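Computed over heavy atoms, backbone and side chain alike; hydrogens, waters and symmetry mates excluded. Quick note on labels: first sequence line is chain A, next is B, and so on, each numbered from 1. All figures in this text were calculated on a predicted structure; none of them were measured in a lab.
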Protein chains: 2
Amino acid sequence: MVRRTKEDAQETRNRILDTAVEVFNRQGVAQTSLNDVAREAGVTRGAIYWHFANKVAMFDAMIERLVCPLMFNAADRDARLAADPLGFIRAATDEFIGMMLNDASFRRVFEIFWHKCEYVGEMANLRDSHLEEGENHIDILQRAFALAQEKGLMNRLLTPHQATIGLIGQVDGLLFNWTKNPDMFPLASYAPCILDAWFRGLTAPVDAA
Amino acid sequence: MVRRTKEDAQETRNRILDTAVEVFNRQGVAQTSLNDVAREAGVTRGAIYWHFANKVAMFDAMIERLVCPLMFNAADRDARLAADPLGFIRAATDEFIGMMLNDASFRRVFEIFWHKCEYVGEMANLRDSHLEEGENHIDILQRAFALAQEKGLMNRLLTPHQATIGLIGQVDGLLFNWTKNPDMFPLASYAPCILDAWFRGLTAPVDAA
DNA sequence: TTTTACATACATTCGTGTATGTATGTAAAT
DNA sequence: ATTTACATACATACACGAATGTATGTAAAA
C-alpha cells in the first residue's frame with residue numbers, strides 16, 4: 001500500500017517528523033539511526049531520504065514546524081507592550097511556561113533540545129542559525145523593560161538588557177531543570193511565585209543610601 | 001615506549017581523561033569514538049579499555065575527577081551558614097560562577113554536560129546517579145534560606161525550597177545560556193547585578209495590603 | 001508519458017568488544 | 001644476586017554488526 005497523492009505525501013512527511021520527535025526523545029539524536037525512525041513511522045529509509053537530505057535536515061524541519069509562543073508574534077503586540085510593558089513581559093513568560101506544562105509535543109521538542117542533543121559540527125551550525133530568532137525575542141523584551149523604566153515602573157539598577165538576560169536565564173533555568181527531572185519541583189505551582197519574587201527585585205524601591 | 005610503573009599508569013589514565021574532555025567538547029560524546037580519544041592521547045584503544053570498561057565508564061570517571069565548589073564542603077560550612085545565611089548563599093553562587101569564568105577545564109566539562117551530551121540510556125542512568133549530589137546542595141541552600149527567614153532577613157513569600165529552586169534556576173540558566181553563546185552577554189559584569197536584583201526580590205518588604 | 005513517492009538492494013565505512021601478543025615491573029624463591 | 005613466576009600496562013589483530021548514501025526498481029498520480 002503506497003501513498004501517492006500530494007496530501008498523502010505531506011501526511012507521510014508529518015508522520016516521519018512526529019515519529020522523529022518520539023524516537024529522538026527516547027534514544028537521543030545522535031544515537032538514532034534513520035532506520036529507527038523509518039521503522040517506527042511505518043516507512044523505509046527511502047521515504048525519509050526522499051523528504052529530507054539527511055538527519056540534520058530532518059532535525060531542522062522538526063524545528064521549523066515548532067509553533068512559537070504567540071505573544072511575540074501577535075498582531076497587537078506593540079500596543080499591548082506599550083500599554084503595560086511589565087504585564088506584557090510577564091504574560092509572555094507565563095505563556096511559555098504554560099506551553100511547557102500543557103503542550104506535550106511542544107515540551108518533548110524542548111526536552112530534545114536541552115537533554116537529548118549534542119551541538120557540535122552541523123548541529124552547532126544549525127543551532128546558531130536559529131539563534132537569530134532568540135535575538136528577536138531579546139530585542140522585544142529589552143524594549144519592554146526600557147519602556148517600563150521610562151514609565152517609572154521599575155528601578156534602574158539593571159539595564160534593560162541585563163533585566164532581559166536575567167529573566168531569560170531564570171525562565172530557561174527553571175524549565176531546563178524541570179524537564180531534566182520533573183520530580184525536582186512542581187513547576188505549575190512554583191513558577192508563579194518564583195517569578196513574582198523575580199519581578200519584585202525589579203520594582204523594589206532603591207535606597208537613597 | 002611503554003609505561004609500567006603505577007605512577008606512569010596513573011599519568012596515562014589522567015592524560016586519557018584530559019584528552020577525553022577536549023575531544024568530547026569538540027565532537028560531542030556520542031560522536032566521539034574511543035579511537036578518537038586514543039589517537040589524540042597518544043595511546044591505542046587497548047590502553048583505554050585497560051583503564052575503563054567503555055565510554056560511559058570513562059565519562060563517569062571524568063565526572064568523578066571534577067572538583068566541586070568548595071563552599072559546600074568547607075569545614076566551617078555550617079558555622080558560616082549560621083552566621084550569615086544569605087551571605088553564605090551568595091558566596092556559594094559567586095564561587096560557582098567564578099569557577100566557570102576562571103577555570104577553563106571546569107568550564108569545559110560543564111559545556112559537555114550542557115551542550116555536548118545526550119542523556120539517554122546508560123548516560124541518563126549515570127546522570128540520575130549523580131543527581132543525589134545536587135540534592136545535597138539543595139538541602140544546604142534550603143536550610144540556609146530557612147534560617148534567613150527565622151532571622152527575619154528575608155520575607156516569607158517564598159518557601160525555603162521555592163527560593164532554592166528559583167536561585168538554582170537563575171544561576172543554571174545564566175550559565176547555561178552563557179556557555180551556549182558567550183557573545184550573548186558578558187557574564188562577569190552581568191551576573192553580580194542580576195543576582196543583586198534576584199536577592200532584592202527576597203528581601204523586599206511585603207506590602208500589608 | 002512523465003513525474004512523483006516511495007521501496008529495495010548494494011557498497012562502503014566505521015565503531016565496538018574481545019582475544020591475543022608482548023614488554024616490563026615486582027616479589028618471592030633459590 | 002639471580003632466577004623464577006606472575007601481574008601489570010598496554011599494543012595489535014580480528015570478527016561482527018550497524019549506519020550511511022546512493023543507485024535502481026516500480027506503481028500510481030498528474
Do B:Q142 side-chain atoms and B:A163 backbone N/O form a donor-acceptor pair below 3.5 Å? no

DNA chain C contacts made by residues 45-57 of chain A, counting heavy atoms under 4.0 Å: A:G46, A:A47, A:W50, A:H51

Any donor-acceptor N or O pair under 3.5 Å, side chains A:T12, A:N14: no

In whole angstrom, what separates A:L34's CG from D:dT20's P? 5 Å

Could you please name the option among C:dA7, C:dT16, C:dA5 that lies closest to any side-chain atom of A:V43? C:dA7

B:Q31 atom CD is separated from D:dA19 atom C1', nearest whole Å, by 13 Å

Which residues pass the ring-ring contact (aromatic ring centres under 6.0 Å, His included) test with A:H130, not counting sequence neighbours? none

I want to check one thing: is the phosphate of D:dC10, taken as OP1 and OP2, less than 4.0 Å away from some side-chain N or O of B:T12? yes

Option among A:H115, A:R107, A:R108 that satisfies the side-chain hydrogen bond (donor to acceptor under 3.5 Å, both in side chains) test with A:T179: A:H115

In whole angstrom, what separates B:E11's CD from C:dG25's C1'? 17 Å

Between C:dA5 (P) and A:R15 (CZ): distance, integer Å: 14 Å

From CZ of A:R13 across to C1' of C:dT4 the rounded distance in Å is 16 Å

Would you say the rings of B:F145 and B:H161 are close, in the sense that their centroids are separated by under 6.0 Å? no

Contacts of B:E122 that satisfy side chain to side chain contact (heavy atoms under 4.5 Å, CB included) - sequence neighbours left out: B:V56

Could you state the atom-to-atom distance from CG of A:D8 to P of D:dA28 in whole Å? 13 Å

Could you state the atom-to-atom distance from CE of B:M58 to P of C:dG15 in whole Å? 14 Å

Write down the distance between CG (A:N35) and C1' (D:dG17), rounded to a whole number of angstrom. 13 Å

When you measure from the side chain of A:D76 to the backbone N and O of A:A79, does any donor-acceptor pair fall under 3.5 Å? no

Counting the atoms with a prime plus P, OP1 and OP2 as sugar-phosphate, which does B:T44 contact under 4.0 Å by heavy atoms, base, sugar-phosphate, or nothing? base

